[in-house]
Structures are given as C-alpha cells and as structure tokens.
Amino acid sequence: MRIFCIGQNDAAHAREMGRSPAAPADPPVVFMKPPSALVPPGHDVPWPPHPSALHFETELVAGIGRSGRPADESDALRFLSGFTLGFDLTLRDLQAELKAAGHPWERAKAFDHSALCGALVPVPWQPITFTGSINGVVRQSGDTKQMIHPVPRLLVELGRVWSLQPGDLVFTGTPAGVGPLARGDTLVAESPVLGRFAWRMEA
Ligand code: ZN
C-alpha cells in the first residue's frame, strides 16, 4: 500500500504557492508519504516535533482497487475502488526551505501522522465538491471540475512509473485557502457525495 500525493493540481492554489498560472505542472507533481503518515478519522492528531508552521490541505483521495497500469484515461476508471476526503498536513516553512535548496519535500510532507484519511466510499469517478473546515469555519472549497489533472489522468501518469496496487491511495491536490493549524483545532472534510470526516489536533 502506497500513499501518492499530487502537488499543484489547482490553478488558484498553485498561484497562492507562488507558481505562475501560465505554467501548470505537466506532468503533475508527485510525492509520497509512508504508511506511518496515516491517521483515520475520529482520532487526535499528534503535533509534529519540527518547529514550523503546520498547514492543512483539504483533498479528495482516490482509492485503488486493482493491480496494473491503466492503458488510458477511460481504462483508469476500472482501477478506482472509491473516493474519500482527507488532509495533507504540511510543514510549510520547512517545505519553503527545502524548495529553495532544491531538496526533496519528504521532511516537510511525509512525517508521521501527516496524512489524515477518511473511509473510502465505493462511488465511481464523478463531479464531486467538498469543503475543509477548521473549528467550524469553511476555509477551503474543492471541486473536481477545477482540477488541472483530473483523477483518471493522474492514474495514467502514476502508472507510467508505478504499477498500481490494491490499497494504494492518491491524495489528488488541494484547492486554494490553505492555512496554519493551532493545537486543539478541529479539522472537518465534508462532501455531499462522500460524507463527513473529522480529526482534532492534539492539545
Ligand atoms: Zn497536498
């Protein structure tokens, strides 16, 4: 089981990260998190030891249900086992330092308890809207129609490098509106199609 993550898959978020909207990431930006990053919903999230702003990124997460490499975008649909919502937690200051130094992002993105992931809902690829709320205030609104690389294309791109495996998860990139968390914050990701998933940052 692998956790793939896609960066800069929303034009407005790419802009807030300082990337030119005229140059969308193509092929998509891909990074990974280890299984130790996963936190199921309903759990308190331990605070990472590294001193840096800890940002929330609300994301649609795709589940993979079969082995192999999609031949094309329509073939990719049969690899999907469902969707859920999650948060890609990011040590933003550290990520900026790593980017500036030309280093990989793992220390800022792949730390323990950095992938909050809901339960998969066995629904097919379809238009999905979702929100991310912190302490009851909606901070991010996502819509699959705004994705630079839609999920079927992401699976084709991943399949060029990795043979997909059942149990793999794909965090598909965050919309605009990312921001810092504080101790004790409540994070809720919600969608009419997928339901509601909640976590609490350790006090
Ligand atoms: Zn992300």
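We count ligands from 1, going down the list as the structure has it; atoms in each ligand are counted the same way.
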Side chain to side chain contact (heavy atoms under 4.5 Å, CB included) evaluation trace for His113 with Leu89: CA-CA 8 Å; His113 315 116; Leu89 298 189; over 6 Å; no

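- By the 4.0 Å N-to-carboxylate-O rule, Arg92 lies close enough to Glu57 to be salt-bridged with it.
- Looking at Glu57, its N, O or S atom nearest to the Zn ion (ligand 1) turns out to be OE1.
- The aromatic rings of Trp125 and Phe83 sit tilted, their planes meeting at an angle between 30° and 60°.
- Val188 and Leu194 fall into different hydrophobic clusters, defined by Ile, Leu, Val, Met, Phe, Trp and Tyr side-chain heavy atoms under 4.5 Å apart, directly or through other members.
- Glu59 contributes OE2 as its N, O or S atom closest to the Zn ion (ligand 1).
- The closest approach of Asp88 to the Zn ion (ligand 1), by N/O/S atoms, is made by OD2.
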